[in-house]
Amino acid sequence: MMNIVKKSVKTMLDGLSLLFHMKPGSIIGYIFGSILHGFSWSIEILCMQLLFDSVYDWAAGEEEITKVWINLLILGISFIFSQVMNGAFNCYGQNCNLRVSRYLSDLLFDKIKEIPLTAFEDTEQLEQIEKAVNGGRILFWVSTTVLDIIFYYGTYFFIVGSYMIQLNPVLGFTLLLIFLPCILSKSVNYLIFEKKENLAASERRRMVCYEDFLTGLHFFKETRLLGAGKYFQKLHINSLKKLGKIEWQAQVSKGVIELILSIVTAVCYGLLLYLLFNSVLNHSISLGAFAAILGSLGRLYGNMNEIVSERIGWASENVASAGNFLNFIQKTETENREKQIGNFHKIDLNNLSFSYPGSSEPVVKNVNLSIQRGETLAIVGANGSGKTTLCRLIMGLYIPTTGEIQYDNISSSEINYTDISSVFQKYCRYEMSLRKNIEISDPYTGNPYSYSEKAGRTAGVQISMDTVLGRKFHGIDLSGGQWQRVAIARGIYRKHSLLILDEPTAALDPLEESRIYHMFQKISENKTAVIVTHRLALSRIADRIIVMKAGKIIQCGTFNELVQEDGEYRKMYMEQLKW
Ligand code: ADP
């Protein structure tokens with residue numbers, strides 16, 4: 001149990017130190033606000049005693065009515081002060097959260113940008129990322145719980161507690177008894193909810209995925225045509241049921257523990273009331289103090305419940321999630337990529353093998369290859385033979401499991417992606433204007449407007465540059481072929497000394513495909529290009545062709561050499577010619 005509390009407090013303090021580091025002014029302001037807020041609530045009880053004592057004295061003829069009015073006014077002012085402080089402090093807290101959130105999301109995205117890309121191929125690491133994103137959203141509130149406890153509730157209970165101890169020490173200590181059961185219950189909740197968060201993350205991702213299949217623009221047409229809606233609905237409901245079960249089990253355990261501890265709290269509360277009556281009957285406290293405490297008991301108990309159930313309780317349920325964010329920020333391995341390939345002379349692939357995370361079977365096996373500057377290399381082979389993976393390795397997106405890739409003397413794990421451009425097989429459809437869709441590939445070069453227009457024309461895009469693409473922001477949707485041309489325009493717009501094209505024309509008609517290949521041939525004249533293609537006839541634009549099968553290079557040569565050689569290339573080429 002102590003370990004859990006220690007771990008939670010450490011997470012909160014770590015979070016706090018991060019927040020302070022980012023926005024010291026906001027955190028100092030939050031502390032001052034908390035003290036004032038706590039003070040504003042606590043002075044009410046003192047003002048109440050003043051008023052009740054003066055009313056009692058006035059009734060006994062020992063005090064003037066003006067004194068009663070003055071004390072009533074003071075109580076009114078203290079009430080207004082506490083209400084104003086409450087509203088102002090809540091607003092300030094929300095504002096701080098918004099300001100800090102900007103920095104937290106920046107921190108998170110900067111980190112995500114630096115983690116190895118293979119992390120996204122690993123379900124477990126994907127879950128860590130999802131948990132970190134969720135944790136980042138609540139880090140501020142979880143961490144400031146410490147500040148609330150120390151400065152807001154601390155100020156309030158210090159003043160009220162001192163007041164009560166000074167009246168009757170036993171009264172003050174009984175207050176503490178009400179706290180203990182609540183603290184106990186919340187620590188247990190932490191355990192329950194940490195387990196729940198771990199169980200729920202993967203199921204939640206699955207559910208969101210099914211939602212996307214059912215409602216996402218890119219999925220729902222096919223889903224409807226296939227009549228697969230009911231199928232996904234069923235899977236969605238199953239996911240919901242599983243999530244519900246996890247949630248229900250956590251809530252039941254939480255409910256039982258809370259019930260038991262609430263009973264203990266109520267007993268302590270009764271004890272406090274008994275002591276209070278006893279003290280006034282013994283004349284150890286004044287009637288005014290008795291009335292003031294009685295009048296404030298509701299607030300006192302409410303505040304205790306709030307601090308334990310709402311603040312500590314909420315924080316204990318969410319501290320695990322906030323911890324995920326901090327862990328991700330502090331511990332996730334990142335890459336250090338600072339070197340540019342510039343105008344390299346050659347790329348050497350030495351004994352290269354690669355397996356995807358979670359799989360021991362390599363999908364690229366012992367590849368040895370040298371690509372000279374200015375060379376155009378085509379990669380062909382059956383589906384699943386490892387062509388795309390090899391391209392990603394050459395670009396440095398994936399790090400080889402064994403072996404290495406060298407750009408002259410620089411390892412592919414050190415290169416940043418400047419000077420490399422690509423048209424991906426699964427390209428992005430950015431829901432932005434056509435111009436931005438193209439310029440996003442080189443956003444900081446400040447090229448003249450005409451550059452992206454030229455890239456668009458070269459790729460055969462025939463719509464206005466300011467047209468918004470995609471439906472999300474009231475734009476127009478494009479055909480698969482049109483989107484592919486946009487992706488090609490994006491690839492050629494980016495300044496590069498290496499161009500990697502992974503099935504760049506799969507959605508284009510044969511005439512357009514042929515035109516685009518000629519264009520590639522022209523633009524890659526003095527540059528290095530790697531082209532993955534299914535159209536063997538078009539691979540003849542390459543200086544050299546490699547044929548892949550089951551992760552290995554099984555043939556390598558020029559078009560003329562390969563069509564004459566009795567091998568896989570010739571077999572595939574003849575098969576395509578037939579059609
Ligand atoms: P190609 O481009 O030749 O069609 P890929 O490089 O895409 O082949 O895939 C090579 C092999 O790697 C295939 O067997 C595929 O199933 C596997 N593969 C591709 N992506 C992943 C991934 N993210 N995780 C695990 N295996 C993968």
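In each ligand, atom 1 is the first atom listed, and ligand 1 is the first ligand listed.
- Residue Thr389 approaches ligand 1 through these ligand atoms, each under 4.0 Å from one of its heavy atoms: 5 (P), 6 (O), 9 (O), 10 (C).
- The local environment of NZ in Lys111 is crowded, with over 12 non-hydrogen atoms from other residues, nucleotides or ligands closer than 6.0 Å.
- Of all atoms in ligand 1, numbered sequentially from 1 with element shown, those under 4.0 Å from a heavy atom of Lys387 are 1 (P), 2 (O), 3 (O), 4 (O), 6 (O), 8 (O).
- Here the two rings, on Tyr451 and Tyr493, have centers that are 6.0 Å apart or farther.
- Counting only heavy atoms of the protein, atom 11 (C) of ligand 1 lies nearest to Val363 CG1, 3.6 Å.
- The environment of Arg515 atom CZ is dense: over 12 non-hydrogen atoms of other residues, nucleotides or ligands sit within 6.0 angstrom.
- The nearest heavy-atom contact from the protein to atom 7 (O) of ligand 1 is Thr388 CB, 3.6 Å.
- Using the six-membered ring where Trp is involved, Phe520 and Tyr517 have ring planes that are perpendicular, over 60° apart on the 30 and 60° scheme.
- Using a 4.0 Å cut-off to heavy atoms of Asn383, the atoms of ligand 1 that qualify are 4 (O).
- Protein heavy atom in closest approach to atom 23 (N) of ligand 1: Glu121 OE1, 2.4 Å.
- For atom 21 (C) of ligand 1, the candidate residues are Tyr356, Phe120, Phe354; the nearest heavy-atom contact is made by Tyr356.
- The nearest heavy-atom contact from the protein to atom 8 (O) of ligand 1 is Gly386 N, 3.3 Å.
- Protein heavy atom in closest approach to atom 4 (O) of ligand 1: Gly384 N, 2.7 Å.
- A salt bridge does not link Lys436 to Glu439: none of the charged nitrogens lies less than 4.0 Å from a carboxylate oxygen.
- Each of the following atoms of ligand 1 lies closer than 4.0 Å to a heavy atom of Ala382: 3 (O).
- Thr558 and Asn560 are not linked by any side-chain donor-acceptor pair at a separation below 3.5 angstrom, with hydrogens and angles left out of the test.
- The aromatic rings of Phe213 and Phe232 sit tilted, their planes meeting at an angle between 30° and 60°.
- Between Thr388 and Gln425, the side chains place a donor N or O and an acceptor N or O closer than 3.5 Å (distance only, hydrogens not considered).
- Of the N or O atoms in Ser385, one or more lie within a sub-3.5 Å distance of an N or O in ligand 1.
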